[in-house]
Amino acid sequence: SGVPAEERHDRFFLHDEVLEREILHALSDEIARLSDMDFVREEELSDLKSRVDETKGKMTHMMAQRENLLHELQDGYEDYRNDRLAREEYLAMKERLDGRIGVLDNEIEDASVLIREIKDEIEQLDSGKPDLALMVPGVMSKEVVDAFIDKVTVYPGGRVKIKWKFAEG
């Protein structure tokens, strides 16, 4: 064909600056979308962390109750041993306290399992999200490209397709 190679090249491919501008624009849009998602994720993380703290507080209270019951049981045994409490009264008290301690042990275990489950949920929310802190507006660094972009395809006519390293919304 009679069209110089440089002109053919310009017709089918974007210049580096134009390509970079297009990618930055698409990346900025995607980061804005991810920032909105990140805000929701942060609220959810905050709620989950509050649940962990609340459950830990309840668990601490239950453990203190358990200790008090153990002391009461020990005191009852001392009273029985020193003939200040009849055998039948001590056995009834022991059965009642052992039952309450058993219930607390189950509740403490349930709280411990709940805390582990919530922490797993927190870890899942924290993992796999793009690091928005890498993006400096208007700058196309290697870190940004590596963090967000899997592949860029430039089609004839200048259309650009970006394959992200994460699912698009």
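What you are looking at is a predicted structure, and each value in this text was computed from that prediction instead of being measured.
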Asks: Minimum heavy-atom separation for Met59 to Ser112, with atom names?
Replies: SD-N, 3.8 Å
Asks: Tell me whether Val103 is reachable from Leu73 by hopping between hydrophobic residues (I, L, V, M, F, W, Y) whose side-chain heavy atoms are closer than 4.5 Å.
Replies: no
Asks: Do Val113 and Arg116 come close enough that some side-chain heavy atom pair is under 4.5 Å?
Replies: yes
Asks: Could you tell me if the side chain of Ile101 sits less than 4.5 Å from the side chain of Asp105, heavy atoms only?
Replies: yes
Asks: If I take atom CD from residue Glu121 and atom CG from residue Leu45, how far apart are they, to the nearest 0.5 angstrom?
Replies: 9.5 Å
Asks: Applying side-chain contact (heavy atoms from CB on, under 4.5 Å), run through Gln74 and Leu70 and close with a yes or a no.
Replies: CA-CA 6 Å; Gln74 183 64 36; Leu70 288 172; over 6 Å; no
Asks: Are any non-hydrogen side-chain atoms of Leu97 and Lys94 less than 4.5 angstrom apart?
Replies: no
Asks: Would Glu107 and Leu104 count as a side-chain contact (heavy atoms from CB on, under 4.5 Å) here? Give the steps.
Replies: CA-CA 5 Å; Glu107 289 175 354; Leu104 282 172; 3.8 Å; yes
Asks: Distance from Lys58 atom NZ to Ile115 atom CD1, nearest 0.5 Å?
Replies: 11.0 Å
Asks: Which distance, rounded to the nearest 0.5 Å, do you find between the CG of Asp75 and the CZ of Arg84?
Replies: 9.0 Å
Asks: Got a second to check how far Glu72's CD is from Asp79's CG, nearest 0.5 Å?
Replies: 10.5 Å
Asks: Give me each pair satisfying ring pair (Phe, Tyr, Trp, His ring centres under 6.0 Å) with a member in residues 57-81, each pair once, sequence neighbours excluded.
Replies: Tyr77-Tyr90, Tyr80-Tyr90
Asks: Whether the side chain of Thr55 engages the backbone of Arg51 through a donor-acceptor N/O pair (distance < 3.5 Å, no angle test) should be reported.
Replies: yes
Asks: Within this structure, what is the CG-CD1 distance for the pair Asp53 and Ile118, rounded to the nearest 0.5 Å?
Replies: 10.0 Å
Asks: Give a yes or no on whether a salt bridge exists between Lys49 and Glu54, defined as a side-chain N under 4.0 angstrom from a carboxylate O.
Replies: no
Asks: With a 4.5 Å limit on heavy-atom distance, are the side chains of Asp98 and Leu69 in contact?
Replies: no
Asks: Measure the shortest side-chain to side-chain distance between Arg100 and Arg96 over non-hydrogen atoms and say whether it is less than 4.5 angstrom.
Replies: yes
Asks: Sequence neighbours left out, what passes side chain to side chain contact (heavy atoms under 4.5 Å, CB included) with Ala86? Give chain and number order.
Replies: Glu88, Glu89
Asks: Please report the shortest heavy-atom distance between Gly76 and Met93, naming the atom on each side.
Replies: CA-CE, 3.0 Å
Asks: Could you list the residues that satisfy side chain to side chain contact (heavy atoms under 4.5 Å, CB included) with Asp120, not counting sequence neighbours?
Replies: none
